[in-house]
Amino acid sequence: MSVTDGNDDYKGYRSPTLELLQKEEAPVWSEVTVHTSRGDFSGLILPRSQTADQLHVVLKLATGYNIGVRWDTVRSIDVHGRKEAHYQIPEKAFPHDPRKPRVKLFGTGGTIASRLDYRTGAVIPAFSPGELYGSVPELADVCNMETEKLYGVFSENMGPEQWIGTAKAVAAEIAKGVAGIVIGHGTDTMHHTAAVLSFMVQDPPVPIVMVGSQRSSDRPSSDAAINLINATRTAATSDIAEVMVCMFGPTSDKYGLLHRGTRVRKMHSSYRSTFRTIGDIPLGKVDEDGVTPFRDDYKRRRPDREVKLNAVFDDRVSLVYYYPAMKPDIIDSLVDNGYKGIIIAGTGLGHVNKPLYPALARAREAGVHVYMTVQTMWGYVQMYVYETGREIMELGVVPAANMLPEVAYVKLGWALGQTHDHDEVRRIMLSPVGGETTAREPHNGYLVFQGGIPEVDAFISSHWK
Ligand code: ASP
């Protein structure tokens, strides 16, 4: 039997894993039980990826997780069968029903548009409209969907160019008359894009719903399909005409939460329920019965309203997360390198250490716009409380109320894309466009999940039925 490890790149090199698989007559895609000195593992042998070493056999377990079994711990391998996995999703044309609303889905990349490439071992973006319908046919129950791939990147690669491109594409589609927009996006920086779109695409007449997934669609626990269905339902039917993020609400798939684009943040690196509204309550929830708003201070769907597009960004802006013992050269180097705006995420109510003060003064002299936010995430910058806060303000640093640091970062880039006049930038920064600063934070907007504390559990269940 000819046995390879599924990767020809290292032909000619001695591979202990390959020799093991050859000896045991267990080619890739065999369903096996591997008996090792650490116990028995059952699963499917996957091809070795380009970046993996040659010392481990990779098994996909029934749970969908992959594990590596070191070759020299293996005593024997029992082969039960063979199951070659094809992650190609069949392409199907999206059906058209004239009674259903038209929704446009833009793809930018991320896990939601991905599947696993077993040759490279990486999750690759693979957005295609036909694939989407082939994998989530329920979308046709909700709308007539048209799709367009704008980008195919993981979201750390989204930036001003892509933000502007997405804002323009969304506004152009709205001008053509559409019931709602869905934007597929990587989750890692979805909150940056949601915020910047809230500034660039104002007064949309219809919902603009951003969606992603924490787990790719080849995993049994994937949230891709349910998030996409919830986001599409929101875009097609919701009365909330704002930029929103729609993602898993609780840890189960009971409902999706709708978060205002300027008050949302990814809060967990792997939970599907990772997005949370910060300092406020979410706009609403969505499940198979439709959208249920939790509040009524949202912009309503108004098909006759004209969308305002203001797609500009000056990328000479930085976000500095203050830490004790930070040295002034961090600020100096930004100024020396021509940065025009700096957002500081300060400690507590908005502080940095005294050694930074001369650097802040130099930044002001150089005409740099400096704003203070809080790294506590919840609550307001309050620089009048301590003398240190007052001193920092005297150096020209402007408190940005309860704007989240990332939101302040994109807002400053957007403001500097319009003007460099200090008063005008300040006016733009301090005039809320879409909830990025709020007059107060409701007590039930401080919802940090702390399992096991009875009052918190009771509070959560009384609010989120
Ligand atoms: N790294 C991915 C991204 O942000 C993660 C995801 O999509 O969930 O593009």
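As the structure lists them, so they are numbered: ligands from 1, and atoms in each ligand from 1.
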Nearest non-hydrogen contact to atom 4 (O) of ligand 1 from the set Gly184, Ser155, Gly109, Ser269 belongs to Ser155
Under a plain distance cut-off of 3.5 Å, with no hydrogens placed, do Thr274 and Lys266 share a side-chain donor-acceptor pair? no
Under 3.5 Å between any N/O of Thr189 and any N/O of ligand 1: does that happen in this structure? no
Return yes if a side-chain donor-acceptor contact under 3.5 Å exists between His185 and Thr193, otherwise no. yes
Taking atom types as modelled, is there a side-chain donor on Gln214 or Thr187 under 3.5 Å from an acceptor on the other? yes
For atom 8 (O) of ligand 1, what's the nearest protein heavy-atom neighbour? Residue, atom name and distance, please. Thr187 OG1, 2.4 Å
Numbered atoms and elements of ligand 1 in range of Phe154, under 4.0 angstrom, heavy atoms: 2 (C), 9 (O)
Search all heavy atoms of Thr437 against all heavy atoms of Pro432 and return the closest pair with its distance. OG1-CG, 3.4 Å
How far is atom 6 (C) of ligand 1 from its nearest protein heavy atom, and which residue and atom name does that atom have? Thr111 OG1, 3.0 Å
Please compare Asn157, Asp188, Thr274 and report which has the shortest non-hydrogen distance to atom 2 (C) of ligand 1. Asp188
Does one side chain, of Asn310 or Gln418, offer a donor that lies under 3.5 Å from an acceptor on the other? yes
Under a 4.0 angstrom heavy-atom cut-off, which atoms of ligand 1 come close to Gly110? 7 (O), 9 (O)
Ring geometry between Phe275 and His191 (parallel below 30°, tilted from 30 to 60°, perpendicular above 60°): perpendicular
Numbered atoms and elements of ligand 1 in range of Ser213, under 4.0 angstrom, heavy atoms: 6 (C), 7 (O), 8 (O)
